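Okay, structure first, notes after.
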Number of protein chains: 2
Amino acid sequence: MSAKTTDTKQEILSIARNLMKKVGYNAFSYSDISKQLNIKNAAVHYHYPTKEDLLADIVNTYIEDYKKLESGLSSSAMKAIDKISVFADRYAHLIEIQSICIIGSVASDFYTLPEAVKAKVVLLTNLVLGMVANVLEKGRANGELFFEEDARTKALLIMTNLAAGVQLARITGKKDFERIRTALLKQLKQ
Amino acid sequence: MSAKTTDTKQEILSIARNLMKKVGYNAFSYSDISKQLNIKNAAVHYHYPTKEDLLADIVNTYIEDYKKLESGLSSSAMKAIDKISVFADRYAHLIEIQSICIIGSVASDFYTLPEAVKAKVVLLTNLVLGMVANVLEKGRANGELFFEEDARTKALLIMTNLAAGVQLARITGKKDFERIRTALLKQLKQ
DNA sequence: TTTTTTACTTATTAGTAAGTAAGTATTATA
DNA sequence: TATAATACTTACTTACTAATAAGTAAAAAA
């Protein structure tokens with residue numbers, strides 16, 4: 001495989017990931033990608049015959065990203081609260097780049113997705129939820145974190161606060177996200 | 001004004017509201033509406049010349065709805081916890097009709113909206129947040145509800161839990177929404 | 001009763017979408 | 001060196017989008 005193929009395919013993927021987070025699946029086209037790369041529309045189709053193929057690969061890269069993050073976090077000596085804080089930082093960053101989280105983006109179009117992609121999205125979502133739940137559970141066991149719910153429920157509460165917080169920040173400004181972030185971390189420290 | 005005009009226009013609006021919540025602004029077309037009503041595409045344009053006009057009216061109806069809900073709630077003898085519970089029920093209902101909340105729907109497309117609509121969305125969002133914050137504040141003053149954050153922050157936490165909970169339920173099922181709802185109400189009762 | 005307004009339909013336009021078939025350089029392989 | 005695969009471009013098709021102009025039947029207003 002030549003270097004150029006990989007480069008273009010990777011760039012298509014990178015641009016598509018950003019578009020997914022910024023505008024969502026239904027709101028970007030192959031020409032949005034080809035124009036940014038100064039190639040033709042058909043060249044994108046060469047690498048990803050259909051938009052569904054592209055979406056499947058996008059979701060795959062997020063699954064890989066989160067697997068790496070998970071193994072990084074589980075082997076890290078970082079305090080549980082700092083791990084959650086790092087997680088919250090990822091969402092804060094999304095606001096800066098005018099994006100929303102990939103799960104929220106996909107949720108909007110969920111019913112129009114092919115079954116193969118849906119299954120991957122379910123996998124991704126449970127991966128993220130499981131990762132957060134794990135950090136929470138260990139943190140509570142260590143006496144670092146305080147919460148009354150079971151770990152999955154608390155993970156759900158935190159993830160929904162962050163994901164919708166990013167969406168809301170588009171409307172009412174990022175100050176509201178900061179209120180959410182601060183309250184969240186304070187709650188966990190009791 | 002004749003009866004028929006109002007009927008068709010109201011039906012267009014009603015169908016468009018449902019489509020907004022189900023698939024979002026970018027994913028429905030005038031023909032989705034005209035087909036449901038057995039009228040022609042141009043008839044929809046007669047009532048709403050542009051899609052932006054339609055969107056503006058959709059957001060207006062939600063503003064009116066929430067104003068009514070607010071005045072209903074503020075004059076109601078219902079307990080604060082029940083008011084929040086009713087609010088949560090509205091979100092649970094969205095899952096049944098395969099929809100997400102209007103604010104979440106609009107947030108996805110926020111950057112592509114005309115300024116006039118953006119302003120209305122900001123108004124709507126602050127209306128809902130203010131309403132919830134009000135119920136929370138009064139409930140706390142009455143000794144019915146317990147929370148440490150300021151009322152707007154707690155309203156943000158609850159709204160993000162519910163809004164993203166509905167989105168998440170599309171992916172992982174409505175059981176996760178029920179976990180969120182239950183945890184939320186339990187927290188408020190201390 | 002004439003005129004005007006309302007609520008459409010018919011027919012069309014300009015633009016964009018995803019997707020494909022066929023051709024062409026360049027690079028790698030046999 | 002001939003062959004085959006790679007990474008495209010050119011050119012096109014089909015389908016749909018929002019939007020508009022022009023015409024029409026029915027109802028309301030003058």
Side-chain angles (χ1 to χ4, degrees), chain A residues 1-20 22-59 105-106 108-109 111-118, chain B residues 1-20 22-59 105-106 108-109 111-118:
Chain A
M1 202 178 286
S2 80
K4 207 175 179 204
T5 308
T6 307
D7 281 2
T8 303
K9 193 169 186 177
Q10 283 308 116
E11 281 176 306
I12 289 169
L13 200 54
S14 170
I15 290 165
R17 276 171 56 117
N18 288 333
L19 287 168
M20 271 297 294
K22 227 171 214 168
V23 302
Y25 184 65
N26 287 318
F28 80 86
S29 71
Y30 270 32
S31 79
D32 291 326
I33 298 168
S34 60
K35 276 173 194 160
Q36 278 193 53
L37 288 174
N38 271 312
I39 57 176
K40 300 297 160 184
N41 214 32
V44 183
H45 281 283
Y46 170 76
H47 292 287
Y48 292 104
T50 74
K51 208 178 167 185
E52 286 177 10
D53 295 326
L54 177 56
L55 178 61
D57 214 14
I58 291 170
V59 178
S105 170
V106 174
S108 306
D109 304 294
Y111 291 122
T112 64
L113 303 183
E115 290 305 317
V117 174
K118 276 187 194 171
Chain B
M1 201 178 286
S2 80
K4 207 176 181 204
T5 309
T6 307
D7 281 2
T8 302
K9 192 168 185 176
Q10 283 308 116
E11 282 177 305
I12 289 169
L13 200 54
S14 169
I15 290 166
R17 275 171 58 117
N18 288 333
L19 286 167
M20 271 297 292
K22 229 172 212 168
V23 302
Y25 184 65
N26 287 318
F28 79 87
S29 72
Y30 270 32
S31 78
D32 291 326
I33 297 168
S34 62
K35 276 172 195 162
Q36 279 193 53
L37 289 173
N38 272 314
I39 56 175
K40 300 297 159 184
N41 213 33
V44 183
H45 280 283
Y46 170 76
H47 292 287
Y48 293 102
T50 73
K51 209 178 167 186
E52 287 179 12
D53 294 327
L54 178 55
L55 178 60
D57 214 14
I58 291 170
V59 177
S105 171
V106 174
S108 306
D109 304 293
Y111 291 123
T112 65
L113 304 182
E115 291 304 318
V117 175
K118 276 187 193 172

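The analysis underlying the following values was restricted to heavy atoms, covering all of them including side chains, and did not include hydrogens, waters or symmetry mates. Remember, it's a predicted structure, so these values are computed and weren't measured experimentally. Protein chains get the first letters and strands the later ones, always in sequence-line order, with residue 1 at the start of each.
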Next on the checklist: With a cut-off of less than 4.0 Å, is there a side-chain N or O of B/T8 near OP1 or OP2 of C/dC8?
Outcome noted: yes

Next on the checklist: Measuring from the side chain of B/Y46 (C-beta onward, heavy atoms only), which nucleotide among D/dA19, C/dG19, C/dC8 has the closest atom?
Outcome noted: C/dC8

Checklist entry - ring-ring contact (aromatic ring centres under 6.0 Å, His included) with A/F28: which residues, sequence neighbours excluded? => result none

Next on the checklist: Students often get this wrong, so: under 4.0 angstrom with heavy atoms, is B/Y48 touching a base, only sugar-phosphate, or nothing?
Outcome noted: nothing

Item to check | Contacts of type side chain to side chain contact (heavy atoms under 4.5 Å, CB included), residue A/A27, not counting sequence neighbours | outcome: A/V23, B/N26

Item to check | Within residues 34-42 of chain A, residues whose heavy atoms come under 4.0 Å of DNA chain D | outcome: A/I39, A/K40, A/A42

Item to check | Length of the line joining B/I33:CD1 and D/dA19:P, which is rounded to integer Å | outcome: 12 Å

Next on the checklist: According to salt bridge (Lys or Arg N to Asp or Glu O under 4.0 Å), who are the partners of A/K118, at least two apart in sequence or on a separate chain?
Outcome noted: A/E115

Checklist entry - Do B/Y25 and B/I58 pass the side chain to side chain contact (heavy atoms under 4.5 Å, CB included) test, and can you show the C-alpha distance, the side-chain angles, and the key distance before you say yes or no? => result CA-CA 11 Å; B/Y25 184 65; B/I58 291 170; over 6 Å; no

Checklist entry - Rounded to the nearest Å, what distance is computed from the CD atom of residue A/E52 to the C1' atom of nucleotide C/dG19? => result 12 Å

Item to check | Value in whole Å for how far the P atom of C/dT16 lies from NZ of B/K51 | outcome: 15 Å

Item to check | Residues that A/P114 engages under side chain to side chain contact (heavy atoms under 4.5 Å, CB included), provided they are two or more places apart | outcome: A/E52, A/V117

Next on the checklist: For D/dC16 and B/S29 - does any side-chain N or O of the residue sit under 4.0 Å from the phosphate oxygens OP1/OP2?
Outcome noted: no

Next on the checklist: According to side chain to side chain contact (heavy atoms under 4.5 Å, CB included), who are the partners of A/S14, at least two apart in sequence or on a separate chain?
Outcome noted: A/N18

Item to check | Length of the CG-C1' vector between B/N26 and C/dA17, whole Å | outcome: 13 Å

Item to check | Step-by-step side chain to side chain donor-acceptor pair (under 3.5 Å) determination, A/D53 to A/T50 | outcome: CA-CA 5 Å; A/D53 295 326; A/T50 74; 3.1 Å; yes

Checklist entry - Nearest to the side chain of A/H45 - C/dT20, D/dA18, D/dT9? => result C/dT20

Checklist entry - Within the structure, does a side-chain N or O atom of A/S31 lie under 4.0 Å from either OP1 or OP2 of C/dT16? => result no

Next on the checklist: Less than 4.0 angstrom between a side-chain N/O of A/H47 and OP1 or OP2 of D/dT6, yes or no?
Outcome noted: no

Checklist entry - Given atom CG of B/D7 and atom P of C/dT6, what is their separation to the nearest angstrom? => result 17 Å

